[in-house]
Amino acid sequence: MDNKIDDTDSFKFIALGGGSEVGRSCHIIQYKGKTIMLDAGVHPAFSGIAALPFYDEFDLATVDILLISHFHLDHAASLPYVMQHTNFKGRVFMTHPTKAIYRWLLTDFVKVTSIGSTNTLYSDEDLLESFDKIETVDYHSTIEVDGIRFTAFHAGHVLGAAMYMIEISGLKILFTGDYSREESRHLNVAEVPPTKPDILITESTFGTATHQPRLEKELRLTNLIHSTLVKGGNVLLPVFALGTAQELLLILDEYWSNHQDLENVRVYFASSLAKKCLTVFQTYVNMMNDNIRKAFRDENTNPFLFKHVKNIKNLDRFEDFGPTVVVASPGMLQNGVSRELLEKWAPDSRNSVILTGYSVEGTLAKTLITEPDMIPSINNPEQMIPRRINIEEISFAAHVDYEQNSKFIELVDPKSIILVHGESNPMGRLKSALLSKYSKFKGTDKEVKVYNPRNCDELSLKFKGLTIAK
Ligand SMILES: [Zn+2]
């Protein structure tokens, strides 16, 4: 087999979403007449059509396969729209746990986005019809579709998250999706694939920032919660219904077991998805890390059946007296239970809201970080609510920081790096840091190129005379 790539062929990349922004991830890659779409998300700061990637800018009928990295809304929530309301006719792949969770999450997404809105992207029927057409993949097993080969690797981040290594006519591309390299309570860290890609498409969420070490972070979180409760305040933890939420509940459940004085303080997990998703987490314990598998095996109990956490669907039966901790979705306080509780608790300075996820530009969670004096009521935007609640940010977002990202890039060793999934400033800083790290190779055959394309800008890379090592 001739491993030399034709000089005339160029690799093309276009971000229809997630280019110099966080949200509505959707990237197109093309090489030798094959077209692959990576993710199909929505933007959490917008609603309806405005939340979609720029699908009009590309002929979706030309897409051969669409790979979904994980179930988060900014990576998967426009999939039913793509499959039911565009000329897309390719095949769609995701991992088993992603598909299992995707179903419940999107049912909830349809429900939440259709409240008081005629601007919905798709219906429950669309969701169900598209669901049956989605194909699942196992980690580490290579699938070939029409000359395109791809393999899913563990990405950490959330249950079911995958990185995809894609190979087209000898050219290898690794797409990280969202990934983490820090051992969490329930997941393994992202793995380094055994083969080197020519092109790496990586997230840049945290840019050049450094994460606080895991133990310090947990300690800060539990101390803050404990001290708020002691002075009679309530604690609100806005979270995305799945992923970090379960991680936080594992931390709280353990902390409550070790602190008798908290025995009478209720911890609620307020999500309409809590029960359904527990089943999914139970089913896929075999895809989690050794700690969880060991607990599951030795104690014969499901670690996700919490001893101190009460699941509630909404606030109808929530008794708001005495200090409580509520872990509630959505994570960016756009609407729903977390927003309702924030508005209720905002005027009292004894209360605390702790932001543990990544807050996207344009959402209330992001505004809150600036400690505004007033916040707008969701039901009546004219009405402003005084904000005296204490605001803290302790990130459990499960994305790599600079140290982890640059180390991973070094291990993966690509020729070209395309940065996605980051606001333009942190992404720009990451690009500069990587360029200066690799500046010693400039002008040599080891030169590393770094790109940070904006949405809809076509990036074309030539792999002139490059020989692919097998
Ligand atoms: Zn994610």
Side-chain angles (χ1 to χ4, degrees), residues 15 17-19 21-27 37-45 51 53 66-79 94-95 97-102 104-106 108-109 152-164 174-182 184-191 201-207 209 211 238-248 271 273 277 280-281 284 287-288 329-332 334 355-363 365-366 395-401 404-405 408 419-423 426-427:
E21 66 175 351
V22 176
R24 60 178 155 197
S25 283
C26 180
H27 323 301
M37 185 164 157
L38 304 168
D39 284 342
V42 295
H43 197 298
L66 164 49
L67 306 176
I68 299 287
S69 63
H70 65 294
F71 60 69
H72 276 153
L73 298 180
D74 58 330
H75 296 262
S78 65
L79 181 57
M94 56 177 70
T95 65
T98 299
K99 190 176 175 186
I101 294 168
Y102 165 90
W104 302 121
L105 262 185
L106 266 64
D108 187 62
F109 177 75
F153 292 95
H154 287 284
H157 190 57
V158 288
L159 180 61
M163 294 188 172
Y164 290 104
L174 179 66
F175 172 53
T176 64
D178 290 357
Y179 82 106
S180 59
R181 291 275 286 167
E182 175 190 85
S184 80
R185 284 186 175 235
H186 72 293
L187 293 176
N188 285 311
V189 301
E191 48 188 337
I201 303 169
T202 182
E203 64 141 297
S204 33
T205 317
F206 283 99
H211 290 333
V239 290
F240 188 68
L242 280 148
T244 309
Q246 283 65 33
E247 184 76 7
L248 291 174
S271 166
L273 298 168
C277 294
V280 179
F281 271 70
Y284 293 103
M287 293 191 182
M288 296 181 193
S329 62
M332 297 183 218
Q334 306 98 308
L355 301 166
T356 55
Y358 178 81
S359 304
V360 170
E361 216 59 68
T363 60
K366 186 79 183 182
S395 175
F396 283 83
H399 292 278
V400 283
D401 66 1
Q404 294 157 346
N405 208 358
F408 181 79
L419 303 177
V420 295
H421 198 285
E423 302 294 348
M427 189 186 278

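All ligand and atom numbering here is 1-based and tracks the order in the structure.
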With a 6.0 Å cut-off on the ring centroids, do Phe408 and Tyr179 count as close?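 Between Tyr179 and Phe408, which both carry aromatic rings, the centre distance is below 6.0 Å.
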Ring centroid separation His421 to His75 under 6.0 Å: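 Distance test on ring centres: under 6.0 Å, yes.
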Tell me which N, O or S atom from His72 is the closest to the Zn ion (ligand 1).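 Per the distance ranking, His72 contributes ND1 as its closest N/O/S atom to the Zn ion (ligand 1).
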Kindly give the atom name of the N, O or S atom of Asp178 closest to the Zn ion (ligand 1).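 Of all N, O or S atoms belonging to Asp178, OD2 is the one nearest the Zn ion (ligand 1).
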Within the stated cut-off of 2.8 Å, is an N/O/S atom of [X] closer than that to the Zn ion (ligand 1)?
{"X": "Asp74", "value": "no"}
{"X": "His399", "value": "no"}
{"X": "His70", "value": "yes"}

I'd like to know if the side chain of Gln404 and the backbone of Arg181 have a donor-acceptor N/O pair within less than 3.5 Å.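 Judged by distance alone, no pair lies under 3.5 Å.
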Are any of the side-chain heavy atoms of Met332 and Phe240 separated by less than 4.5 Å?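 No; the side chains remain at least 4.5 Å from each other.
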Check whether any side-chain heavy atom of Val400 lies under 4.5 Å from a side-chain heavy atom of Glu203, and answer yes or no.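 Yes, side chains in contact.
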